[in-house]
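Everything quoted here is computed from the prediction, not taken from an experiment. What's counted below: heavy atoms across the whole structure, side chains too, no hydrogens, waters or symmetry copies.
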Amino acid sequence: MPAYTPPLRDMQFVMHEVFNLTEELKAMPKHAEVDADTINAILEEGGKFASEVTFPLNIGGDEEGCVLDKTTHEVKTPQGFKDAYAKFVEGGWPALSCDPAYGGQGLPYVVNQCVYEMLNSANQAWTMYPGLSHGAYEALAAHGTDAQKKTYLPKLTSGEWTGTMCLTEPHCGTDLGLLRTKAEPQADGSYKITGNKIFISAGEHDMADNIVHLVLARLPDAPKGSKGISLFVVPKFNVEADGSLGSRNPIYCGGLEHKMGIHGNATAQIVIEGATGTMVGQPNKGLAAMFVMMNAARLGVGNQSLGLTEVAFQNALAYAKDRTQMRSLSGVKAKDKDADPIIVHPDVRKMLMTAKAYAEGGRAMAIYCTLLLDKEHHHPDEKVRKDAGEIVALLTPIVKAFLTDNGHTATNACMQVFGGHGFIKEWGMEQFVRDNRINMIYEGTNTIQSLDLLGRKVLGNNGATLKKFGKLVGKLVEEEGVNEKMSEFITPVAVLGEQLTKFTTEIGFKGFQNPDEVGAAAVDYLRVAGHFVFGYMFALMARTALRQIAAGNTDPFYVAKLQTARFYFAKLFPETATLMRTARAGSAPLMNTDAALA
């Protein structure tokens, strides 16, 4: 059976030592009183909940899955899921970062991020039920009417109700401009919604009293394409004027998808037959409102793979220390045993360190992004808010795609450490691989994220936001460029920064002449950009560790951090050279393949 220990020490290192979180929060009046002790105490309790309540349900939830009663359209979640959710609500966990005006605790997003990393390590399928509610909360808080906020936000905050996002339809995946769901205006100002949605995570379940569906649909006179989409809130049960639950709305689960992973989460086919809904935001402006939820979900999916990378690493490390096989190539290491533990073998260490580096780099990036979100929403300086918003928009597709791709590499490597036991279910490793593989696909496939990054976020404003992030990296290079001990961490990032500027210009010029050049380069480009960000993160972490060691701190944690950073720059970061070379090969080897693909 697998095990899980919350990585509290590393979280505290990144938050308090690398990013000086509490000092950053003091600049935001809303969070000025939040101190390190409070944050650490919350994360310690969150880690206990994850490891003691939801983690024990992970393998059983995967084996049991969800069950649909086709007569009542009700879904039964795996054994223990409902009770765990009741404890989650009782503990006030859904309310962490929500507005106190709606019953929330008003804590920084970064605290919520760390709690959800641990929950994802423990049980991704379970965590998706409350996780999606945060996106629904954010979308309604940003674009809902006062009446909608009053009706839905307190219940989403408390966790009494959960939320979903209903976008995809059977005939259209990411291309939402093709959706057909209709919204007919009614005399009382409401709408009757009719259509079919698929792949709706947590779309139906028995864990909460009501489910708040955010549904994309078209008005009768809507223009074609993505410019004719509106957003509606459509509850499972209609809500009466006094806030009590009324009649059952005709929006229900018509079937459950049988997936390769995350079996404990109900991925529903949703049938809508004249359900009552109210509009969120402006007519035909639904995508703008939904993007609040979609961006939250994309950051959340990156966090899912971060969680799986961490738990896979922990279990592979424990196994590698215990499992004996062959002798070390450089001589016997365990003289009291018939064979050495497999951790002595170089390639086993490579697999373990790959997972460790991707977990620690991903954690730093995820915490950095949620700190940017806190600044964007709560910093009193308008320029700080604007800059933070631009950079987090740039980094969002990287978080989603780079962290999930890395999670695929890491979970597969950790499964490989187990050898034949890796694909045996009782060890839990193959489930981490299956669960993570889905993360690369949903919430916009990683190719879509790559196109978003290169086409919209970088070339869309002639690289202005990328340059803004580059200035942050340049500042670190300028500060530490003369520090000999930092050269092994700084020089690779500085060199890649220069290469990335030239690389971006080349692709932009070629793309202007032939748009397929952007499509051909996008996936490689995102990984290069991802390593640029990770390189910056590891350089920051290495600087902090070196300063602690220079000050006489003998905690082996800092030595370990430097070793991980050195491994990252030596073994993973050089991938960028290959990626830039393959991207520069252009679109011809891909598009001139009609005979090969006939």
Side-chain angles (χ1 to χ4, degrees), residues 1-13 15 37-66 77-97 105 107 110-134 158-160 162 202 205-208 261-265 300 303-319 322 359 363 366-367 411 414 425-429 431-432 435-436:
M1 293 290 288
Y4 173 62
T5 301
L8 298 173
R9 178 68 181 91
D10 201 55
M11 288 179 176
Q12 292 164 1
F13 168 75
M15 286 189 295
D37 288 342
T38 300
I39 292 171
N40 293 345
I42 292 169
L43 295 187
E44 184 175 349
E45 289 303 312
K48 287 180 182 177
F49 185 91
S51 60
E52 296 175 7
V53 179
T54 61
F55 184 68
L57 303 174
N58 195 40
I59 289 181
D62 179 66
E63 293 173 346
E64 183 181 346
C66 295
T77 53
Q79 185 175 354
F81 272 42
K82 184 176 181 178
D83 289 342
Y85 186 74
K87 292 177 182 176
F88 188 71
V89 171
E90 183 182 353
W93 293 107
L96 278 185
S97 61
Q105 297 176 35
L107 288 163
V110 69
V111 177
N112 205 63
Q113 148 71 32
C114 291
V115 170
Y116 269 80
E117 181 204 318
M118 294 184 286
L119 291 171
N120 283 317
S121 285
N123 193 329
Q124 177 180 320
W126 181 93
T127 303
M128 289 169 66
Y129 290 103
L132 282 162
S133 298
H134 281 279
S158 68
E160 293 173 74
T162 63
H205 58 81
D206 58 356
M207 290 162 54
I262 54 174
H263 294 150
N265 194 270
N303 199 17
Q304 289 171 349
S305 286
L306 168 58
L308 292 173
T309 299
E310 174 65 33
V311 70
F313 165 70
Q314 289 186 18
N315 284 274
L317 177 63
Y319 184 83
D322 183 65
R363 180 171 299 116
I367 288 173
T411 54
C414 291
K425 289 181 69 69
E426 68 187 78
W427 291 91
M429 300 305 295
Q431 183 188 344
F432 300 145
D435 287 354
N436 183 81

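Between Lys87 and Glu90 there is no salt bridge, since no side-chain nitrogen of the basic residue lies less than 4.0 Å from a carboxylate oxygen of the acidic one.
Using a distance-only test at 3.5 Å, with no hydrogens or angles considered, no donor-acceptor pair links the side chain of Glu52 to the main chain of Gly47. A donor-acceptor pair is defined here as one N or O able to donate and one able to accept, closer than 3.5 Å; such a pair exists between the side chain of Asn315 and the backbone of Ala3. The backbone N or O of Ala125 lies less than 3.5 Å from a partner atom in the side chain of Asn265, making a donor-acceptor pair. At least one donor-acceptor pair closer than 3.5 Å links the side chain of His263 to the backbone N or O of Asp62. The closest donor-acceptor contact from the side chain of Asp435 to the backbone of Gly261 lies at 3.5 Å or more, if one exists at all. Checking side-chain atoms of Gln314 against main-chain N and O of Thr5 turns up a donor-acceptor pair under 3.5 Å.
Annotation: side chain of Lys425 is in contact with side chain of Glu63 (closest heavy-atom distance under 4.5 Å). Contact check for Met207 versus Trp126: side-chain heavy atoms found under the 4.5 Å cut-off. Counting heavy atoms from C-beta outward, Leu43 and Met15 have side chains that approach closer than 4.5 Å. A heavy-atom distance below 4.5 Å is found between the side chains of Met118 and Leu8. Side-chain contact between Arg363 and Glu310 is present, with heavy atoms from C-beta onward closer than 4.5 Å. For the pair Cys66 and Pro78, the minimum side-chain heavy-atom distance is below 4.5 Å. Looking at Thr127 and Thr54, their side chains never come closer than 4.5 Å, going by heavy atoms from C-beta outward. Side-chain contact check for Ser97 versus His134: some heavy-atom pair is nearer than 4.5 Å.
Atoms CG and CG, on Asn123 and Leu57 in that order, are 6.0 Å from each other to the nearest 0.5 Å. Interatomic distance, CE of Met11 versus CD1 of Ile367, reported as 6.5 Å (0.5 Å rounding). Interatomic distance, Ile42 CD1 to Gln105 CD, rounded to the nearest 0.5 Å: 6.5 Å. For the atom pair CE (Met429) and CG (Leu308), the distance works out to 10.0 Å, reported to the nearest 0.5 Å. Cys414 SG to Trp427 CH2: the interatomic distance, rounded to the nearest 0.5 Å, is 14.0 Å. Note that CG of Leu107 and CG of Asn112 are 8.5 Å apart. Values are rounded to the nearest 0.5 Å.
Residues Asn120 and Gly300 come closest through the heavy atom pair ND2-O, 4.4 Å.
With sequence neighbours excluded, no residue forms a ring pair (Phe, Tyr, Trp, His ring centres under 6.0 Å) with Tyr4.
Heavy-atom neighbours of Gln79 CD from other residues, nucleotides or ligands within 6.0 Å: at or below the threshold of 12.
Under the 30°/60° scheme for interplanar angles, the aromatic rings of Phe88 and Phe49 are found to be tilted.
Looking at Gln113 and Glu117, their side chains never bring a donor and an acceptor atom within 3.5 Å of each other.
The distance between the ring centers of Phe81 and His205 does not fall below 6.0 angstrom. Aromatic rings of Trp93 and Tyr85 (six-membered ring for Trp) have centroids beyond the 6.0 Å cut-off, not under it.
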